Amino acid sequence: MSPVETNESPGARYRLWPIRRRVLVGLCAIGAVLMPIVGAFAYVGGFLSPDRLTQSRLVDGFQTVNGVHPGFRRNHAKGVCIAGRFESNGNGVALSKASVFETGTTPVIGRFAVAVGKPFIPDNETQVRSLALLFRLKNGEEWRTGLNDIPVFPARTPQDFYELLMAGAPDPATGKPDPARLQAFFAAHPESAAALALIRARPFATGFADASYNSLDAFRMVNAAGTSTPVRWSMAASDPFVPQTPIEGGSAGTNYLFDALIARIAQGPVQWRLMVTVGEAGDVTADATLPWPETRRRVDVGTLIIDHVEAEGPGNCRDVNFDPLVLPDGIEPSDDPLLSARSATYSTSFTRRAGEPKTPSEVQIPENVPAATPAKGS
Ligand code: HEM
């Protein structure tokens, strides 16, 4: 008797055996095909090498530093939704065949935020402001881009960024970052120390509206003739620049940056010039810690006009992933290693927050501000 009792007659067993053998052989064959695939997924997921940097470890790093705030972005967590349009002047056509640069108007939605993973942090405790944009091109394509108000990024590679993030994690003994760990990071990474010096030296704007924002990462623009040009881009504020005066202990209000932005948009549209900086031979595209020479040509390709603001909510910018690799035909990634890491990490942050319960944003629009038209995202 076989170890498995059956009621089959010996004849039936005889007839079934080749079938069973074939099934067994088939299962082994499927297993042989599947194992490398399962292994590949486990490898990509980091299960086989817990020390390898993955998008999950990066997002876990943000959670270690900032705590877990369900439903919110793991970085740039405090923000507000905006909408408006981009009016292209046609100058960008020489650089890129993307239809957004043809003369005309493209609808835009976006988000202003402060660059930290704490959704209720007082504005005066933050250092970096951001502007994220989604252009809806008339041919159905999208261009998503995130910009920060700093001149360079403080890390050259995703691994360096992770190490910098963790060097700034609170020490369990004190609840504060250990300055010695940060010093050790910058001592080991002179390019990050040089970038930090540039970031600290930058003129610090009073608010969101008079700040200018930079892509930091390099991209490539490809025109109709197929010419590929290394570029970086910036949104240069049209509002006059007013330097920040020290804000002591949040005396101007927990949300003073956002309150000022909402009040400013209520007065009328706020504008930025989209400036494309054209790289030249020898300009490094794979290192966002390095500025390009000041003498590089800057092409004014049009005006961003923001005339609506609304609190984060279902279906608006809250539910958008401003993935920097969502690019129209005519804009391509460069060899900057941060770009693919950003894309993967934003996706993980988005997946986590999308599946979590939501809490209203700290930033709400006061009732006396004119209602904004919906800035629906996707
Ligand atoms: C390896 C480096 C970086 C990592 C790991 C990283 C990570 C993140 C994460 C997790 C988010 C939240 C995404 C979401 O849930 O939607 C975020 C937001 C953002 N990041 Fe990065 N980032 C990196 C580099 C950069 C760089 C170089 C820039 C250049 C400007 C940048 C600009 C932004 C902006 C503007 C946002 C806010 C987008 C929004 O308002 O939704 N990041 N980042």
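Order of listing sets the numbers, starting from 1, for every ligand and every atom in it. The model shown is predicted, which means the values in this text are computed figures rather than measured ones.
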_Nearest neighbour in protein (non-hydrogen) for atom 38 (C) of ligand 1_ = Ala132 CB, 3.8 Å

*Kindly confirm or rule out an N or O of Ser349 lying under 3.5 angstrom from an N or O of ligand 1.*
yes

_side chain to side chain contact (heavy atoms under 4.5 Å, CB included) assessment of Arg202 paired with Asp149_ = CA-CA 9 Å; Arg202 82 193 195 277; Asp149 74 334; 3.4 Å; yes

_Out of the candidates Arg353, Lys78, Arg73, only one should pair with Glu312 under the salt bridge (charged side-chain N to carboxylate O under 4.0 Å, His left out) rule; please name it._
Arg73

_Protein heavy-atom partner closest to atom 33 (C) of ligand 1 - residue, atom, separation in Å_ = Tyr346 OH, 3.2 Å

*Relative to the ring of Phe161, is the ring of Phe62 parallel (under 30°), tilted (30 to 60°) or perpendicular (over 60°)?*
tilted

*At what distance is the nearest protein heavy atom to atom 24 (C) of ligand 1, and which residue and atom is it?*
Phe153 CZ, 3.4 Å

*Provide, to 0.1 Å, the distance between atom 30 (C) of ligand 1 and the closest protein heavy atom, together with that atom's residue and name.*
Gly146 O, 3.3 Å

*Just let me know how Tyr162 lines up against ligand 1, side chain, backbone, both or neither, with a heavy-atom cut-off below 4.0 Å.*
neither

*asked:* Less than 4.0 Å is my threshold; does some heavy atom of Asn214 fall inside it relative to ligand 1?
replied: yes

*Inspect the surroundings of CD in Gln127 and state if more than 12 heavy atoms from other residues, nucleotides or ligands are less than 6.0 Å away.*
no

*With a 4.0 Å cut-off on heavy atoms, is Val59 touching ligand 1?*
no

*Name the option, out of Arg342, Arg353, Arg318, that contains the heavy atom nearest to atom 28 (C) of ligand 1.*
Arg342

*Taking the six-membered ring for Trp, are Trp143 and Trp233 parallel (under 30°), tilted (30 to 60°) or perpendicular (over 60°)?*
perpendicular

*Going by the order shown, which atoms of ligand 1 are within less than 4.0 Å of some heavy atom of Leu147?*
30 (C), 35 (C)

_Suppose we measure from atom 40 (O) of ligand 1 to each protein heavy atom; which comes out shortest, and what is that distance?_
Arg111 NH1, 2.6 Å

_For atom 12 (C) of ligand 1, closest protein heavy-atom neighbour_ = Asn75 O, 3.5 Å

*asked:* Classify the ring geometry of Phe86 against Phe135: parallel below 30°, tilted from 30° to 60°, perpendicular beyond 60°.
replied: perpendicular

*With respect to atom 5 (C) of ligand 1, which of Phe72, Phe112, Phe161, Phe322 exhibits the smallest heavy-atom separation?*
Phe161

*How far is atom 34 (C) of ligand 1 from its nearest protein heavy atom, and which residue and atom is that?*
His76 CE1, 3.4 Å

*Would one find an N or O of Arg73, backbone or side chain, under 3.5 Å from an N or O of ligand 1?*
yes

*ligand 1 versus Asn148, non-hydrogen atoms closer than 4.0 Å: side chain, backbone, both, neither?*
both

*Run the contact test for Ser215 against ligand 1 with a 4.0 Å cut-off on heavy atoms, strictly below, and give the result.*
yes

